[in-house]
Amino acid sequence: MAQKPSLPKGTRDFGPEQMFKRNYIIDTIKDVFRKYGFMPLETPAMENLSVLTGKYGDEGDQLLFRVLNSGDFLSKVNDDDYAEGYKSLSPKITEKGLKYDLTVPFARYVVMNQTEVTFPFKRYQIQPVWRADRPQKGRYREFYQCDADIVGTNSLVCEAELLAMVQEVYKKLTFDAYQIAISNRKVLEGIAEVCGAKEEFSRFCVILDKLDKIGKEKVFSELESIGVNEAGLKTLDSILSLTGHNISKLDVLAEIFGTSEIGQNGISEVKETLDNLSLLGFLTDKVSVDFTLARGLSYYTGMIYEVKPTTVKMGTITAGGRYDNLTGVFGLQGISGVGVSFGIDRIYDTLEELNLFPISEAKYSKVLLVPFDEEAQRHSLQLLCQLRNAGIASEVYPEPAKMKKQLGYADKKGIPFVLLIGSEEIKQQRYTLKYMETGNQDMFTIEDVITNLQEEL
RNA sequence: GUGGUUGUAGUUCAGUUGGUUAGAACGCCUGAUUGUGGUUCAGGAGGUCGUGGGUUCGAGUCCCAUCUUCCACCCCA
């Protein structure tokens, strides 16, 4: 029974062309991570749900993919569980889930291996994660994250290093049309405090973050609805109206904060991060302090940052921040971490849109051996062996098909050379090497073929 | 989770107010060309019209459900 195959919603295949480009991005990021001293880590696709739930807020819990228990998953369920609905039923039939991000599994790893890891621990991790979101532009249910985190130190040198890496990665990708927005949860808390929204901090953040999307009026009216009074809005207005250089904005904000300890604290963290970044040799003109930057999962506690393209309509392509006590929920207190996450899929779309992928679309095979008959095919395998031993990527058409077919294969696959092997060649021990682009061809011994191809490399 | 949108050949898409046998381009296969690809020419194969119901003498076309695509919201990479 033939059935049309299909993919689960929000998932994709990556064909060879796409993989070349994806690998280009991933390799570039990986190189930079390594250069900054990060070590690789991988964790399972699945985690126990106890590890995942409660770490991403209510929204996040709903977006977790749950894996149904194997076997008779109903064996532990009775009628009462069923009657009480999914909240009661769910924990009895599913105990594992697909990972939602790389940070929480990393925290789990650090806790489980705390005696082995050397702090500060710097690790990078490039793996798919899954979210049961409704797919949309630049949003998939399976997508790759590309994280680098440093845990076990409070130093703001880490923040600066991560921001430096961001700039180095995009420089290597020849992508320049982006801005890094930075802020600090403590600065936001300070703002909430002076605006009288301290009690509603998380809702305050969510609303504030929408500023560039829905505009000031709507933000203000939403803030009013959570109890921010007119004086508070006026203060906020003056903060949002701040212009000029990063440092001068921060200085004015410090005056507005007055005695708000947490706010002052946040400001000095931002300043120190910027200072460290310039000591590392990076201009801070790509970085702008943005007091409306409030996003981030609920676990961020200190510096936060996100990168957006400026000339392409695209969401955040890189984001990160500091989380003071992520390992705390797993029983390891006092470990602070800070990380950054590159969204490969969105970077891909951005580079594609701006035509920034290198033109040299890598093709693997340098030469295709084209045998005319069974005897030539046997002969070609020995030549293939010599070519490969010489380090030349080469392949043979696996059946003695018509030359038209074999040359067509080389043509479509973009293999630049073919080596024709027929009875005449075997007799002479000289083979016809043809350059596909021009159609020029000549006969050489296998040694000369190898020399010629090596010169081409 | 809310609102909208999409689905016809391998791919991109036509298909009139419901009316005979559902078309095109590209791709694929064969031949022109028994030792020469990308060009050209000739011929050919390929479709349960997303799926399941319903209305009708008759459904690719209308209705309902469901899945899928894309977009916006919530939220997020």
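Naming convention: chains lettered A, B, ... in sequence-line order (proteins, then strands); numbering from 1 in each chain. Keep in mind the model is a prediction, meaning the values are calculated, not measured.
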Is any side-chain N or O of A:Gln136 closer than 4.0 Å to OP1 or OP2 of B:A72? yes

Phosphate OP1/OP2 of B:C74 contacted by A:Lys210 side-chain N/O (<4.0 Å): yes

Nearest to side-chain heavy atoms of A:Thr432, which nucleotide of B:A72, B:U36, B:A77: B:U36

Under 4.0 Å between a side-chain N or O of A:Lys9 and OP1 or OP2 of B:U68? yes

Looking at A:Lys402, I'd like to know whether one of its side-chain N or O atoms comes within less than 4.0 Å of OP1 or OP2 on B:G31. yes

Picking from B:U36, B:A77, B:C75, the nucleotide nearest the side-chain atoms of A:Leu407 would be B:U36

Rounded to whole angstrom, note down the C1' distance from B:A25 over to B:A14. 10 Å

Under 4.0 Å between a side-chain N/O of A:Lys405 and OP1 or OP2 of B:U34, yes or no? no

Whether A:Phe143 stacks on the six-membered ring of B:A77 base, 5.5 Å and 30° limits: yes

From B:G35, B:C76, B:G3, pick the nucleotide closest to the side chain of A:Arg139? B:C76

Do A:Asp411 and B:G38 have a side chain to base donor-acceptor pair shorter than 3.5 Å? no

Taking the six-membered ring for Trp, are A:Tyr364 and A:Phe20 ring centroids under 6.0 Å apart? yes

Ignoring hydrogens and angles, are the base of B:G35 and the side chain of A:Glu425 linked by a donor-acceptor pair under 3.5 Å? yes

Donor-acceptor side-chain pairing of A:Tyr409 and A:Glu395 below 3.5 angstrom: yes

